[in-house]
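One structure is given below, encoded as structure tokens.
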Amino acid sequence: MNLAAFTFTGLPTRVLFGEGKLESVRDEAARLGMVHPLVITGHHQSALGRGLADQLHGVHFDGARMHTPVDVTDQAMKLVATRALDGTIAIGGGSAIGLGKAIAFRSNLPQIAVPTTFAGSEMTNILGETARGEKITTRDAKILPETVIYDTALVATLPQGLAATSGMNAIAHAVEGLYAVDGNPIISLIAEEGIRAMASALPNGEMARGEALYGAWLCGTVLGSVSMALHHKLCHVLGGTFDLPHSDTHAVILPHAVAYNADAAPDAMMRIARALGGADAAQGLYDLAQSLGAPLSLREIGMVESGLDRAADLAVANPYPNPRSLE
Ligand code: NAD
């Protein structure tokens, strides 16, 4: 094997995985020294958060919103300060987990993340925040949750449409890890297995949610370890400036971003296709999204044609490193 030199940085998150693992949250909170935690959810998961906050002598905040608007973080930070809270426990998709990360970045409080979608944010030291119509991404060690609890029972309730797009969101992390400017063979192994697990689980619906959650963990690990490229840049612009729904946007953009990069990243394309069990990476991703009933066009998810030029300008103004140069 002829290996090029590389750098690998492992991220130190403690992970608990399995059905019913949410039961461990009290012990994990104690392990991190939390006595009065802030329990964070979105509106839809309010009842779950309230119950947990009561059980843990904490305070519940159910205002988490997509793309982590800074004004929502400011509200939650006031609660943390006035109630002398000593940690965060975020239960939900990337929106709840994003708010937990935003608080940890500002306060350095310990965090537990309990994901209920496949977005993968819990495994990264990346925070995407929105202010004045733009999404800004920050990487910092304080942002990475100390503990992640993957309870497979929590993803059983995911509606099929959200499972499909959230799963495509996870696959996007692994895809871009395979051609990342700072990629390495260890992360490529994790990425390929993440795509394989996710693509094998998603068509099997509720029967395979556990395997999908395992895939989401792997794909999130990839995103946390190496750089993002064109696909993520486009999704950040479309989410942050045009408020398009996060996972739908990933599902739409991914096959096209991969097709654009295909000639510039042949080894990554071979590995993506192999993980999907097909011959062509971009076509395989498109076929997977279509078979799952995911949206396939920006128009379907609310993008206005008049915004396309501005989106393209923003995407190339401050680009992420990408295998093919941007035109
Ligand atoms: P989300 O967290 O907004 O959840 C989408 C909807 O699904 C919400 O209404 C939520 O209440 C509902 N939901 C969540 N889990 C459910 C379940 N098990 N059953 C039924 N309904 C459920 O969306 P998302 O796609 O998970 O996360 C998107 C956000 O995460 C964006 O802000 C994105 O920027 C961020 N994100 C960040 C990173 C990172 O590394 N920084 C990675 C991925 C995503």
Side-chain angles (χ1 to χ4, degrees), residues 11 13 22 40-49 62-70 72-73 90-102 104-105 111 113-131 134-140 142-145 148 150-174 176-177 206 209-210 212-213 216-217 219-228 231-251 254 294-295 301:
L11 297 178
T13 302
L22 183 58
I40 300 166
T41 65
H43 292 309
H44 285 99
Q45 284 158 317
S46 210
L48 180 62
D62 71 352
R65 291 224 327 264
M66 200 168 275
H67 307 306
T68 323
V70 167
V72 174
T73 303
I91 300 203
S95 299
I97 291 168
L99 178 55
K101 291 164 111 179
F105 181 52
Q111 311 174 62
V114 186
T116 65
T117 70
F118 304 134
S121 175
E122 63 283 353
M123 291 308 296
T124 84
N125 53 2
I126 306 168
L127 171 63
E129 300 186 280
T130 312
E134 218 173 305
K135 192 159 186 171
I136 306 290
T137 307
T138 311
R139 266 193 201 251
D140 190 284
K142 282 186 286 194
I143 293 168
L144 184 74
V148 174
Y150 286 108
D151 186 335
T152 53
L154 293 175
V155 286
T157 57
L158 263 181
Q160 182 55 22
L162 182 57
T165 56
S166 192
M168 293 303 293
N169 181 193
I171 288 176
H173 305 330
E176 294 228 301
E206 284 167 35
R209 289 283 160 83
L213 194 59
W217 168 12
C219 294
T221 301
V222 174
L223 180 67
S225 303
V226 294
S227 300
M228 299 172 271
H231 168 82
H232 281 80
K233 181 69 196 186
L234 288 172
C235 292
H236 290 168
V237 165
L238 293 166
T241 304
F242 298 91
D243 206 27
L244 296 194
H246 181 81
S247 60
D248 288 11
T249 308
H250 276 270
L254 186 60
I301 61 171

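Whatever order the structure lists ligands and atoms in, that order sets their numbers, starting from 1.
With a 4.0 Å cut-off on non-hydrogen atoms, Thr165 does not touch ligand 1 at all.
Of the candidates Ser166, Gly128, Gly42, Ser95, the one placing a heavy atom closest to atom 2 (O) of ligand 1 is Ser95. Selection from Met66, Glu122, His246 by nearest heavy atom to atom 23 (O) of ligand 1 gives Met66. Taking only non-hydrogen atoms, the option from His67, His232, His173, Lys135 nearest to atom 34 (O) of ligand 1 is Lys135. When Thr249, Leu48, Thr157, Thr124 are checked for heavy-atom proximity to atom 19 (N) of ligand 1, Thr157 turns out nearest.
Listed for the His173 side chain is a donor-acceptor partner under 3.5 Å among the backbone atoms of Ala119.
Backbone and side-chain nitrogen or oxygen atoms of Leu127 are examined, and none is located within less than 3.5 angstrom of a nitrogen or oxygen of ligand 1.
Side-chain contact between Met123 and Thr13 is present, with heavy atoms from C-beta onward closer than 4.5 Å. A heavy-atom distance below 4.5 Å is found between the side chains of Phe118 and Leu158. Side-chain contact between Lys101 and Thr68 is absent, with no heavy-atom pair separated by less than 4.5 Å. Using a 4.5 Å heavy-atom threshold, the side chains of Thr137 and Ile126 count as touching. Within the 4.5 Å cutoff, side-chain heavy atoms of Val237 are placed close to those of Lys233. Counting heavy atoms from C-beta outward, Ile91 and Leu22 have side chains that approach closer than 4.5 Å.
Atoms of ligand 1 lying under 4.0 Å from any heavy atom of Lys101, numbered from 1 in the order shown and given with element: 39 (C), 40 (O), 41 (N). Ligand 1 places these atoms under 4.0 Å from at least one heavy atom of Gly93: 2 (O), 26 (O). Interface atoms of ligand 1 facing Leu223, defined by a heavy-atom separation under 4.0 Å, are 40 (O), 42 (C). Proximity to Leu154 (heavy-atom distance under 4.0 Å) selects the following atoms of ligand 1: 18 (N).
Among all protein heavy atoms, the one lying closest to atom 7 (O) of ligand 1 is Leu162 CD2, 3.0 Å. Here the protein heavy atom with the shortest distance to atom 9 (O) of ligand 1 is His44 ND1, 3.1 Å. Among all non-hydrogen protein atoms, the one lying nearest atom 43 (C) of ligand 1 is Ala119 O, 3.3 Å. Of all protein heavy atoms, the one closest to atom 4 (O) of ligand 1 is Thr117 CG2, 4.3 Å. Nearest protein heavy-atom neighbour of atom 15 (N) of ligand 1: Thr116 OG1, 2.7 Å. Of all protein heavy atoms, the one closest to atom 16 (C) of ligand 1 is Gln45 NE2, 3.3 Å. In this structure, the protein non-hydrogen atom closest to atom 41 (N) of ligand 1 is Ile126 O, 2.9 Å. Counting only heavy atoms of the protein, atom 21 (N) of ligand 1 lies nearest to Pro159 CD, 4.1 Å.
Under a 4.0 Å heavy-atom criterion, Met123 is not in contact with ligand 1. Within the structure, ligand 1 lacks His43 among the residues with a heavy atom less than 4.0 angstrom away. Not a single heavy atom of Pro115 lies less than 4.0 angstrom from ligand 1.
Residues satisfying the side-chain contact (heavy atoms from CB on, under 4.5 Å) criterion with Pro69, sequence neighbours excluded, are Arg65, Asp71, Val72. In this view, Leu234 and Leu230, Ile253, Ala315 satisfy the side-chain contact (heavy atoms from CB on, under 4.5 Å) rule, not counting sequence neighbours.
The shortest non-hydrogen separation linking His67 to Thr130 is O-OG1, 2.5 Å. Taking every heavy atom of both residues into account, Lys142 and Ala104 meet most closely at O-CB, 3.5 Å.
A distance below 6.0 Å separates the ring centres of His250 and His232.
For the pairing with Gln45, the side-chain hydrogen bond (donor to acceptor under 3.5 Å, both in side chains) check across Asp62, Thr157, Thr116 returns one residue only, Thr116.
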